[in-house]
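Just the heavy atoms: all of them, side chains too, but no hydrogens, waters or symmetry mates, feed the values below. Position 1 is the first residue of the sequence, and the numbers go up from there.
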Amino acid sequence: MENPIVLIVGAGPAGLAIAACLTQFSIPYIIVEREDCSASLWRNRAYDRLKLHLAKEFCELPHMSYPEDAPTYVPKALFVKYLDDYTKIFNIQPKYFTSVESAKYDNDKNCWSIVIHVMTKELIRLGMTLSHHLPLNLVDNLLVVATKFIFGDLSGHQNAKNGPNDPQVKDGPIRCD
C-alpha cells in the first residue's frame, strides 16, 4: 500500500484483524512484527495440545468465519492455519524482523515520528558473539551495515541510527549488583 497512514505494531491476531478491517475500508497501513512470523506466540510458545478456551464463534476474526466442520474449541494447529488463511485472503504482508524503537507525536506537523529497528535474531546472535572480541561500538556499526545489506533501502522509514548495543556503548554494561 502506498502512503500508509496507519502503523500496526504486531502481527498477532489483533494486528491481523486491524489490518483486514483497514483493507476493507481501503485505508493504507504498514504492519510491523519483530519476530519472523505472524502469531509468533501461538506458533512458538504455545504447547501443541492448547485449544482456544472460548467457543469458536467468540474467537473469529472480523470478516472471516471458521470452517463449518471446525470443533467448538479450536486447537492450536487449526487456529494457526486459520490465521495463515486470514493473512492470505486479506493480503496482509507484515514487515518481519522490525520493531518500533520509539514513537513521538509532533504537534507542529500533526503527525507521528516513528523510529524502527530492523534486526534478525541471527544478527543479534552475531553481535553477541562479536562483542566478546570487538568493541561494542564497532559491533553496532557492523550490525547496522549488515542490516542495510540484508534489507536493502529502507528509505521512507526513519531507522535507528545506532545498533542494539548503543545504550551500553554510551553508558557501559548494565549491572545487576
Side-chain angles (χ1 to χ4, degrees), residues 1 4-103 112 114-131 139 143-144 146-147 150-152 154 157 159-160 163-168 174 176:
M1 293 187 165
I5 60 171
V6 176
L7 172 67
I8 303 168
V9 180
L16 297 176
I18 292 168
C21 290
L22 291 172
T23 298
Q24 293 294 96
F25 290 105
S26 300
I27 297 173
Y29 67 88
I30 291 178
I31 182 169
V32 297
E33 170 58 49
R34 70 178 169 193
E35 300 295 333
D36 60 351
C37 59
S38 61
S40 65
L41 291 177
W42 277 94
R43 292 177 199 280
N44 304 324
R45 293 197 172 48
Y47 55 93
D48 291 336
R49 293 181 323 274
L50 182 69
K51 293 182 180 181
L52 294 177
H53 66 283
L54 295 174
K56 65 183 176 184
E57 60 267 22
F58 301 112
C59 298
E60 292 177 342
L61 298 184
H63 311 295
M64 187 172 132
S65 297
Y66 283 101
E68 289 280 329
D69 61 346
T72 302
Y73 296 95
V74 177
K76 172 189 170 181
L78 183 58
F79 184 63
V80 169
K81 182 182 180 328
Y82 172 79
L83 295 175
D84 287 341
D85 292 346
Y86 194 83
T87 301
K88 288 178 189 149
I89 287 169
F90 291 99
N91 194 29
I92 300 169
Q93 299 175 0
K95 296 189 179 302
Y96 297 116
F97 302 115
T98 305
S99 62
V100 174
E101 290 293 311
S102 68
W112 286 89
I114 311 289
V115 177
I116 63 169
H117 214 126
V118 181
M119 191 66 56
T120 67
K121 291 177 187 174
E122 292 79 11
L123 284 173
I124 295 294
R125 183 174 183 198
L126 174 64
M128 292 173 72
T129 302
L130 289 175
S131 69
V139 171
L143 291 177
V144 170
T147 300
I150 292 168
F151 294 102
L154 294 172
H157 302 288
N159 299 304
N165 299 308
D166 188 60
Q168 291 185 32
I174 299 170
C176 298

J.: Any sub-3.5 Å donor-acceptor pair from Lys76's side-chain atoms to Ala46's backbone N or O?
T.: yes
J.: Looking at every heavy atom in both Pro67 and Lys56, which two are closest together, and how far apart are they?
T.: O-NZ, 3.9 Å
J.: How far does CZ of Arg45 sit from CG of Leu50, to the nearest 0.5 angstrom?
T.: 14.5 Å
J.: Does any non-hydrogen side-chain atom of Leu61 lie less than 4.5 Å from one of Leu83?
T.: yes
J.: Residues in side chain to side chain contact (heavy atoms under 4.5 Å, CB included) with Leu78, at least two apart?
T.: Ala70, Pro71, Val74, Pro75
J.: Check whether Tyr86 reaches the backbone of Pro62 with its side chain - one donor and one acceptor, N or O, closer than 3.5 Å.
T.: yes
J.: Quick one: does any side-chain atom of Ser131 pair with a main-chain N or O of Thr129 as donor and acceptor, under 3.5 Å?
T.: no
J.: Apply side chain to side chain contact (heavy atoms under 4.5 Å, CB included) to His53 and Tyr73, showing your working.
T.: CA-CA 7 Å; His53 66 283; Tyr73 296 95; 6.0 Å; no
J.: Closest heavy-atom contact between Gly127 and Val139?
T.: O-CG1, 3.5 Å
J.: Could you tell me the separation between the CG atom of Leu143 and the CE atom of Met128, rounded to the nearest 0.5 Å?
T.: 11.5 Å
J.: Indicate the ring-plane relationship of Tyr82 and Phe79, choosing parallel, tilted or perpendicular according to the 30° and 60° boundaries.
T.: parallel
J.: Please name all residues satisfying side chain to side chain contact (heavy atoms under 4.5 Å, CB included) with Gln93, sequence neighbours left out, ordered by chain then number.
T.: Asn91
J.: Would you sort out whether Ile150 and Leu123 count as a side chain to side chain contact (heavy atoms under 4.5 Å, CB included), showing the intermediate values?
T.: CA-CA 10 Å; Ile150 292 168; Leu123 284 173; 3.8 Å; yes
J.: Roughly how far apart are Tyr29 OH and Ile18 CD1, rounded to 0.5 Å?
T.: 11.0 Å
J.: I need the Ile8 CD1 to Leu16 CG distance, nearest 0.5 Å.
T.: 8.5 Å
J.: In Å, rounded to the nearest 0.5 Å, how long is the span from OG1 of Thr87 to CD1 of Ile31?
T.: 8.0 Å
J.: Indicate yes or no: at least one non-hydrogen side-chain atom of Met64 is less than 4.5 angstrom from one of Asp85.
T.: yes
J.: Using atom types as modelled and distance alone, determine if a side-chain donor or acceptor of Glu33 lies under 3.5 Å from a backbone N or O of Ala11.
T.: yes
J.: Would you give the length of the straight line joining atom CZ of Phe97 to atom CD of Glu35, rounded to the nearest 0.5 angstrom?
T.: 8.5 Å
J.: Below 4.0 angstrom, N of the basic side chain to O of the carboxylate: do Lys88 and Asp84 qualify?
T.: no
J.: Report the C-alpha separation of Tyr66 and Glu57 in whole Å, then their side-chain angles, then the decisive distance to 0.1 Å, and conclude whether the side chain to side chain contact (heavy atoms under 4.5 Å, CB included) test is met.
T.: CA-CA 8 Å; Tyr66 283 101; Glu57 60 267 22; over 6 Å; no
J.: Between Asp36 and Arg43, is there a side-chain N and carboxylate O pair less than 4.0 Å apart?
T.: no
J.: Please find the pair of heavy atoms, one from Cys37 and one from Tyr96, that lie closest to each other, and give the distance.
T.: C-CE2, 3.3 Å
J.: Identify the heavy atoms of Ile92 and Ala20 that sit nearest to each other, and give their distance.
T.: CD1-N, 4.1 Å
